[in-house]
Amino acid sequence: AVIAMSLFSPILGTFLILRRQSLMSDTLSHVSLSGVAFGLVLGISPTISTVIIVMIAAVFLEYLRTIYKDFMEIGTAILMSTGLAIALIVMSRGKSSSSIVTISTEQVISLFIIATIVLILTFLFIRPMYILTFDEDTAFVDGLPVRTMSILFNIVTGVAIALMIPAAGALLVSTIMVLPASIALR
């Protein structure tokens with residue numbers, strides 16, 4: 001699990017920092033708690049429910065980014081607090097007292113799958129992502145599907161975060177995503 005996370009976290013973290021979205025990983029990890037809560041209450045795999053909730057949140061985060069173009073932290077704060085609130089409400093309604101204590105073989109395999117996807121996408125789309133990251137207007141003029149690329153980046157990052165939760169815990173995921181890229185930038 002650690003090897004898989006070390007393959008994709010610095011790549012995603014670098015783009016998060018360069019796009020001034022370093023708190024997105026923290027936000028989505030907080031939102032992921034809602035996914036875990038829904039999974040436990042509904043009696044389905046917390047990993048699957050977390051991936052679904054985080055994908056929805058990633059798209060919503062991009063929507064908030066377009067509304068608060070100059071104030072990205074507002075969208076982050078809205079989504080972070082909403083995710084935690086929903087998790088608390090859902091868990092208080094449920095009768096389940098179980099929690100995720102260990103990581104399964106399925107979850108380790110999922111981490112390697114997302115690592116492979118991130119590595120392949122990085123190899124195929126590194127140039128368009130750099131253009132999008134440093135100047136969205138130039139990317140738009142160059143004919144790149146800016147909004148679609150941003151949404152897909154958020155979704156891939158969200159899925160990666162959701163899959164990291166069982167191995168790292170919800171509150172350490174942002175550190176794993178941002179710290180290696182931050183150190184590398186120095």
Side-chain angles (χ1 to χ4, degrees), residues 1-29 31-32 35 45 47-66 69 72 75-76 79 103-168 170 172-186:
V2 171
I3 291 169
M5 289 187 296
S6 71
L7 292 173
F8 65 81
S9 293
I11 294 169
L12 295 175
T14 299
F15 285 108
L16 286 171
I17 289 171
L18 294 175
R19 293 181 61 158
R20 301 190 194 302
Q21 292 181 311
S22 58
L23 285 178
M24 184 173 98
S25 59
D26 198 29
T27 301
L28 293 179
S29 66
V31 169
S32 72
S45 166
T47 302
I48 292 171
S49 61
T50 301
V51 167
I52 292 167
I53 294 293
V54 169
M55 287 174 66
I56 293 167
V59 173
F60 187 62
L61 188 60
E62 182 62 23
Y63 171 72
L64 290 174
R65 193 174 81 88
T66 60
K69 195 167 189 80
M72 179 56 192
T76 302
L79 205 51
I103 185 166
S104 68
T105 303
E106 172 191 296
Q107 292 165 329
V108 173
I109 292 169
S110 297
L111 284 168
F112 275 102
I113 290 171
I114 193 68
T116 303
I117 291 169
V118 169
L119 292 171
I120 290 170
L121 289 174
T122 301
F123 179 75
L124 294 175
F125 299 107
I126 189 79
R127 188 165 177 79
M129 275 304 294
Y130 270 125
I131 294 170
L132 175 71
T133 298
F134 287 108
D135 190 354
E136 282 191 21
D137 294 331
T138 300
F140 181 76
V141 170
D142 282 353
L144 293 175
V146 172
R147 193 63 44 227
T148 303
M149 287 176 64
S150 288
I151 290 170
L152 290 176
F153 174 76
N154 286 1
I155 289 173
V156 169
T157 302
V159 169
I161 288 166
L163 295 175
M164 290 171 66
I165 299 295
L172 287 178
V173 168
S174 65
T175 302
I176 293 170
M177 294 289 280
V178 174
L179 195 59
S182 301
I183 293 168
L185 286 175
R186 293 296 289 153

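In what follows, residues are counted from 1 in the order of the sequence shown.
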Surrounding CZ of Phe125 (heavy atoms of other residues, nucleotides or ligands, distance under 6.0 Å), is the total greater than 12? no
Between CD1 on residue Ile126 and OG1 on residue Thr133, distance to nearest 0.5 Å: 8.5 Å
Hey, does Asp137 have a side-chain heavy atom less than 4.5 Å from the side chain of Val141? no
Spell out, as yes or no, whether a donor-acceptor pair under 3.5 Å connects the side chain of Ser32 to the backbone of Gly35. no
From Gln107 atom CD to Phe112 atom CZ, the distance as rounded to the nearest 0.5 Å: 13.5 Å
Please name all residues satisfying side-chain contact (heavy atoms from CB on, under 4.5 Å) with Thr138, sequence neighbours left out, ordered by chain then number. Ile131, Asp135, Asp142
Checking side-chain contact (heavy atoms from CB on, under 4.5 Å) between Ile161 and each of Leu163, Thr157, Val159, which is the one that passes? Thr157
Check Thr47, Val54, Ile53 against Thr50 for a side-chain contact (heavy atoms from CB on, under 4.5 Å) and give me the one that passes. Val54
For Ile3, I'd like to know if atom CD1 has over 12 heavy atoms of other residues, nucleotides or ligands within 6.0 Å. no
Is it the case that more than 12 heavy atoms not belonging to Met55 sit under 6.0 Å from its CE atom? no
Supply the atom-to-atom distance Ser9 OG to Met164 CE, rounded to the nearest 0.5 angstrom. 3.5 Å
Tell me the closest heavy-atom pair linking Leu12 and Ala160, and the distance in Å. CD1-CB, 3.7 Å
Compare every heavy atom of Val108 with every heavy atom of Ala1, then report the nearest pair and how far apart it is. N-CG1, 3.9 Å
How close do Ala115 and Ala4 get, counting heavy atoms only, and between which atoms? CB-O, 3.6 Å
Can you tell me how far apart CG (Leu7) and CG (Leu119) are? Round to the nearest 0.5 Å. 5.5 Å
Just how far is it from atom CZ of Phe8 to atom CD1 of Ile117, taken to the nearest 0.5 Å? 10.5 Å
Test item: Thr66 side-chain N/O and Tyr63 main-chain N/O as donor-acceptor pair under 3.5 Å: yes
Do Val156 and Val118 touch side chain to side chain, with heavy atoms closer than 4.5 Å? yes
I need the full list of salt bridge (charged side-chain N to carboxylate O under 4.0 Å, His left out) pairs touching residues 155-164, with sequence neighbours left out, sorted by first then second residue. none
Show which side-chain atoms of residues 146-155 pair as donor or acceptor with protein atoms under 3.5 Å away, not counting sequence neighbours.
residue: Arg147; atom: NH1; partner: Glu62; partner atom: OE2; Å: 2.3
residue: Ser150; atom: OG; partner: Arg19; partner atom: NH2; Å: 3.0
residue: Ser150; atom: OG; partner: Arg65; partner atom: NH2; Å: 3.4
residue: Ser150; atom: OG; partner: Val146; partner atom: O; Å: 3.2
residue: Asn154; atom: ND2; partner: Ala58; partner atom: O; Å: 3.3
residue: Asn154; atom: ND2; partner: Glu62; partner atom: OE1; Å: 3.3

Can you list the steps and then say if Leu18 with Tyr130 is a side chain to side chain contact (heavy atoms under 4.5 Å, CB included)? CA-CA 9 Å; Leu18 294 175; Tyr130 270 125; 4.1 Å; yes
Inter-residue atom distance Leu111.CG - Thr116.OG1, 0.5 Å rounding: 10.5 Å
